[in-house]
There are 2 protein chains.
Amino acid sequence: MEFNDKQIDILFAAERLFATKGFDGTSVRDIAHEANVNVAMINYYFGSKDKLLDTFFEWRVPDFMINVDELSLVGNALDKIDVMVDRYVKSMSSHRKLYRVIAIESTLKQRMLISDAFKKLKIHNLEVIASIINGGIADGVFKAGNDPILIHSMMMGTFMNFQMNQVFLQDQLGIADDDGYGQYIETTLTEFIQKTIKALLTYEK
Amino acid sequence: MEFNDKQIDILFAAERLFATKGFDGTSVRDIAHEANVNVAMINYYFGSKDKLLDTFFEWRVPDFMINVDELSLVGNALDKIDVMVDRYVKSMSSHRKLYRVIAIESTLKQRMLISDAFKKLKIHNLEVIASIINGGIADGVFKAGNDPILIHSMMMGTFMNFQMNQVFLQDQLGIADDDGYGQYIETTLTEFIQKTIKALLTYEK
DNA sequence: GACAAAGTTAAACAAACGTTTAATTTAAAC
DNA sequence: GTTTAAATTAAACGTTTGTTTAACTTTGTC
């Protein structure tokens with residue numbers, strides 16, 4: 001998929017607005033104004049507001065993928081967990097707006113026609129996690145009987161919870177600004193998720 | 001706060017629609033139709049669509065509270081975790097629509113004017129969790145150095161992730177219907193969260 | 001430099017939005 | 001039974017919505 005400068009301006013503007021106001025809360029005039037283009041340009045280039053959302057998702061989908069190559073370099077199963085979580089959180093953290101949009105819109109069932117592309121990506125990421133866990137079990141480091149789906153849900157959910165409740169959590173944690181919050185996510189929260197997964201995978205009973 | 005039958009009809013209708021279509025995606029005419037009342041009744045009783053959302057939250061807030069009395073009956077710190085998680089998930093599970101609405105609308109920053117009532121509730125629940133953890137540390141059962149905020153975020157986030165990605169997860173887990181999904185949440189997912197928290201609180205290093 | 005295609009614009013479109021109005025019905029009080 | 005307030009209604013209000021139109025400008029091609 002190839003986009004010209006104006007199309008990319010629109011996609012970025014849409015991302016910014018969808019992330020803060022939601023899809024339904026954002027008008028095409030909002031987007032046009034934010035992107036400094038004429039309203040008609042959105043329908044001209046993307047067909048409709050709905051198709052703009054679809055295109056937006058397709059445009060961003062590649063940023064979801066866990067990089068498997070990087071993981072194969074790490075030997076220890078415990079270290080693999082650390083690297084995987086670190087990369088996952090960093091990827092999500094650097095695309096926080098995108099994740100907000102997905103979180104908001106994926107809940108509204110009638111949408112997500114493009115869910116096929118997303119489904120494949122989620123399945124890919126699940127398989128990566130499953131292979132790490134199974135490798136750890138084979139090495140005798142991890143206990144068996146832990147569903148990768150649940151671990152993935154825990155990791156995603158914990159991160160998302162930080163995304164969605166930023167105002168409350170930032171206040172509770174005594175963090176001053178947005179940058180500090182981002183740093184907290186990339187350090188303390190990342191370590192927490194790493195620790196949690198390792199604790200779970202080595203827990204008796 | 002006292003509501004007559006018609007007002008309650010409207011609140012339930014709003015809950016059903018907000019949970020599936022979001023606040024912005026739902027029109028007052030949708031709500032009026034769903035509740036079998038005239039459109040003007042919504043403004044007559046609630047003032048505006050925005051105030052209806054506020055009133056809806058205030059109406060539902062009490063359902064959030066963790067019941068502390070029930071916990072004091074349990075002696076063992078590990079068992080207290082089990083009971084707390086079980087009650088928490090059951091409470092969330094029985095108000096799934098409400099939690100969807102909160103999850104969707106709490107992300108949109110300009111909303112949540114009523115956040116004061118919510119803030120107090122969240123702080124109450126956090127304090128309950130903190131006291132359980134501290135009790136466990138005092139008894140020598142739990143390791144110190146685990147932030148209750150992170151544990152609470154993990155519990156909420158994991159549950160929410162199941163709420164928000166029902167379509168995908170139900171498919172992945174091979175669950176046939178909505179009831180089965182609810183059962184999975186109240187059994188397998190609950191056990192997973194219990195196990196995760198206990199593993200974390202007893203984990204070395 | 002003429003021609004066709006692509007890009008861009010302001011204006012207009014009908015439909016849907018939240019809200020208000022004014023008229024009417026119901027209920028309660030005396 | 002009359003009076004007064006509350007409840008309910010259909011219709012209309014002015015905006016805003018997403019989209020389309022038709023005129024105009026820019027760009028690239030021969």
Side-chain angles (χ1 to χ4, degrees), chain A residues 1-59 101 104-105 107-114, chain B residues 1-59 101 104-105 107-114:
Chain A
M1 221 175 314
E2 298 278 309
F3 298 112
N4 62 38
D5 290 354
K6 193 156 276 192
Q7 286 174 300
I8 288 177
D9 283 349
I10 294 170
L11 287 167
F12 271 115
E15 181 173 60
R16 257 172 280 144
L17 292 168
F18 290 164
T20 52
K21 303 170 71 178
F23 178 79
D24 289 318
T26 305
S27 73
V28 287
R29 283 172 182 79
D30 288 340
I31 301 168
H33 183 258
E34 177 83 11
N36 288 311
V37 299
N38 189 281
V39 219
M41 289 285 88
I42 289 163
N43 289 280
Y44 178 75
Y45 277 124
F46 298 97
S48 70
K49 190 193 173 190
D50 279 303
K51 284 182 188 164
L52 169 64
L53 183 65
D54 290 353
T55 308
F56 167 75
F57 280 132
E58 286 176 41
W59 175 55
V101 180
I104 296 168
E105 301 312 327
T107 58
L108 308 176
K109 294 188 182 173
Q110 62 262 55
R111 218 105 63 196
M112 289 283 108
L113 306 170
I114 35 78
Chain B
M1 222 175 311
E2 298 279 309
F3 297 113
N4 61 39
D5 290 354
K6 192 155 278 192
Q7 286 174 299
I8 289 176
D9 283 348
I10 294 170
L11 287 167
F12 272 115
E15 181 172 61
R16 256 171 280 142
L17 291 169
F18 291 163
T20 52
K21 303 170 71 177
F23 179 78
D24 289 319
T26 304
S27 72
V28 288
R29 283 171 181 81
D30 287 340
I31 301 168
H33 183 258
E34 178 83 10
N36 287 310
V37 300
N38 189 281
V39 219
M41 290 285 89
I42 289 163
N43 290 279
Y44 178 74
Y45 278 124
F46 298 97
S48 70
K49 191 193 174 190
D50 279 303
K51 284 182 188 164
L52 169 63
L53 183 65
D54 291 352
T55 309
F56 166 75
F57 280 131
E58 285 175 42
W59 176 54
V101 180
I104 296 169
E105 301 312 327
T107 59
L108 307 176
K109 294 189 181 174
Q110 64 262 54
R111 217 107 61 196
M112 289 284 110
L113 307 170
I114 36 80

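Naming: A, B, ... by sequence-line order, numbering from 1 per chain. What's counted below: heavy atoms across the whole structure, side chains too, no hydrogens, waters or symmetry copies.
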Under 3.5 Å donor-acceptor pairs involving side-chain atoms of residues 31-41 of chain A, not counting sequence neighbours:
| residue | atom | partner | partner atom | Å |
| --- | --- | --- | --- | --- |
| A/Glu34 | OE2 | A/Arg16 | NH1 | 2.4 |
| A/Asn38 | OD1 | A/Ala40 | N | 2.9 |

Quiz item: Quick check: does any side chain N or O of B/Asp30 sit under 3.5 Å from a backbone N or O of B/Ser27, one acting as donor and the other as acceptor?
Solution: yes

Quiz item: Rounding to a whole Å, what distance do you find between B/Lys6:NZ and C/dT25:C1'?
Solution: 12 Å

Self-check item: Closest non-hydrogen atom pair, A/Tyr45 against A/Gln7
Solution: CD2-NE2, 3.5 Å

Practice problem: Would you kindly give the CD1-to-P distance between A/Ile42 and D/dT21, to the nearest whole Å? | Solution: 18 Å

Practice problem: Please report, rounded to the nearest Å, how far the P atom of C/dT8 is from the CZ atom of A/Phe46. | Solution: 12 Å

Quiz prompt | Cation over ring face, A/Lys49 and A/Phe23, 6.0 Å, 45° | solution = yes

Quiz item: Please give, in whole Å, the distance from D/dT26 P to A/Asn4 CG?
Solution: 18 Å

Practice problem: Have a look at A/Tyr45 and say if it touches a base, only the backbone sugar-phosphate, or nothing, with a 4.0 Å heavy-atom cut-off. | Solution: sugar-phosphate

Quiz prompt | Flag side-chain contact, heavy atom, 4.5 Å: A/Leu52 against A/Leu11 | solution = yes

Self-check item: Flag, side chain of A/Asp9 to backbone of A/Lys6, donor-acceptor distance under 3.5 Å
Solution: no

Exercise. Could you state the atom-to-atom distance from CG of B/Asp5 to P of C/dA27 in whole Å?
Key: 13 Å

Under 3.5 Å, which protein N or O atoms sit close to an N or O of nucleotides 14-18 of chain D? Give each pair with its distance.
| residue | atom | partner | partner atom | Å |
| --- | --- | --- | --- | --- |
| D/dG18 | OP1 | A/Thr26 | O | 3.4 |
| D/dG18 | OP1 | A/Lys49 | NZ | 2.8 |
| D/dG18 | OP2 | A/Val28 | N | 2.9 |
| D/dG18 | N7 | A/Arg29 | NH1 | 2.8 |
| D/dG18 | O6 | A/Arg29 | NH2 | 2.8 |

Quiz item: Taking the side chain of A/Asn38 as its heavy atoms from C-beta onward, which of C/dA6, D/dT9, C/dA10 lies nearest to it?
Solution: C/dA10

Quiz item: D/dT21 P sits how many Å from A/Tyr44 OH, rounded?
Solution: 15 Å

Exercise. Rounded off to whole Å, could you give me the CE-to-P distance for the A/Met41 and D/dT19 pair?
Key: 14 Å

Exercise. Can you tell me the distance, in whole Å, between the CG atom of A/Asp9 and the P atom of C/dG7?
Key: 15 Å

